[in-house]
Amino acid sequence: MRERGAREEDVREAIRVGQREPAQRGLVLYRLNLELKREWDGRYYGVQQVAPVVAEEKDRVVVVTVYTFYFQEGGKR
């Protein structure tokens with residue numbers, strides 16, 4: 001998560017309220033767009049999308065991986 005710029009609290013929030021969609025091998029992906037409005041990896045981005053892929057088991061949710069996508073919306077202020 002750290003290498004991709006995702007915070008644990010954002011991953012948890014994505015699982016709680018993000019858009020749910022099926023992924024490969026019976027896994028589930030959750031998407032959540034977050035306002036970023038700062039630099040990450042040397043570039044300015046307005047929005048970060050956090051997309052954890054999870055295995056939903058009977059008593060727990062296991063995060064398999066986390067994708068992050070960055071979008072520029074407007075210029076740097």
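Just so you know, these numbers come straight off a predicted model, no measurement behind them.
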S.K.: Salt bridge check: are Glu13 and Arg16 linked by an N-O gap of less than 4.0 Å?
M.R.: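 The answer is yes: the pair qualifies as a salt bridge.
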S.K.: Ignoring hydrogens, what is the shortest heavy-atom contact between Arg31 and Phe69? Give both atom names and the distance.
M.R.: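 Looks like NH1-CE1, 3.9 Å.
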S.K.: Check Gln49 against Phe71 and note the closest heavy-atom contact, atom names and distance.
M.R.: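 Closest approach of Gln49 to Phe71: CB-CE1, 3.8 Å.
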S.K.: Please tell me whether Tyr70 and Gln48 have a donor and an acceptor in their side chains that are separated by less than 3.5 angstrom.
M.R.: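 Their side chains do contain a donor-acceptor pair, which is all the 3.5 Å distance test asks for.
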S.K.: Distance-only, no hydrogens or angles: does the Thr68 side chain make a donor-acceptor pair with backbone N or O of Ala6 under 3.5 Å?
M.R.: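 Side chain of Thr68 to backbone of Ala6: no pair is present.
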S.K.: Output, in order, the C-alpha distance, side-chain angles, deciding distance and verdict of salt bridge (charged side-chain N to carboxylate O under 4.0 Å, His left out) for Glu39 and Arg43.
M.R.: CA-CA 5 Å; Glu39 283 191 15; Arg43 294 185 64 185; over 6 Å; no
S.K.: Tell me the closest heavy-atom pair linking Val53 and Tyr67, and the distance in Å.
M.R.: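 Taking every non-hydrogen atom into account, CG2-CE1, 3.6 Å.
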S.K.: Does the pair Thr65 and Arg4 meet the rule for a side-chain contact (heavy atoms from CB on, under 4.5 Å), with working shown?
M.R.: CA-CA 11 Å; Thr65 192; Arg4 295 181 175 138; 3.2 Å; yes
S.K.: Looking at every non-hydrogen atom in both residues, tell me the closest pair between Gly18 and Tyr30 and how far apart they are.
M.R.: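 For Gly18 and Tyr30, the tightest heavy-atom pair comes out as O-CD2, 3.9 Å.
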S.K.: Is the shortest side-chain heavy-atom distance between Val54 and Leu27 below 4.5 Å?
M.R.: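 Side-chain contact under 4.5 Å: no.
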S.K.: Is there a path from Leu36 to Val17 through hydrophobic residues (I, L, V, M, F, W, Y) whose side chains come within less than 4.5 Å of each other?
M.R.: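 In one cluster with Leu36: Val17, no.
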S.K.: Looking at Glu21, I'd like to know if its CD atom is crowded, meaning that more than 12 non-hydrogen atoms belonging to other residues, nucleotides or ligands lie closer than 6.0 Å.
M.R.: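 Buried by this count: over 12 neighbours within 6.0 Å.
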S.K.: Same cluster or not: are Val62 and Met1 linked, directly or through other Ile, Leu, Val, Met, Phe, Trp or Tyr residues, by side-chain heavy atoms under 4.5 angstrom apart?
M.R.: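 Hydrophobic grouping puts Val62 apart from Met1.
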S.K.: Quick check for you: to the nearest 0.5 Å, what is the distance between Leu34 atom CG and Glu9 atom CD?
M.R.: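 Reported value, rounded in 0.5 Å steps: 10.0 Å.
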S.K.: Please check this pair: side chain of Arg20 against backbone of Leu29, looking for a donor-acceptor N/O pair closer than 3.5 Å.
M.R.: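 Absent.
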S.K.: Kindly give the heavy-atom pair with the smallest separation between Ala14 and Val50, and that separation in Å.
M.R.: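 Closest approach of Ala14 to Val50, heavy atoms only: CB-O, 4.1 Å.
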S.K.: What are the two closest non-hydrogen atoms of Leu32 and Asp10, and how far apart are they?
M.R.: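 Minimum heavy-atom contact is CD2-O, 4.4 Å.
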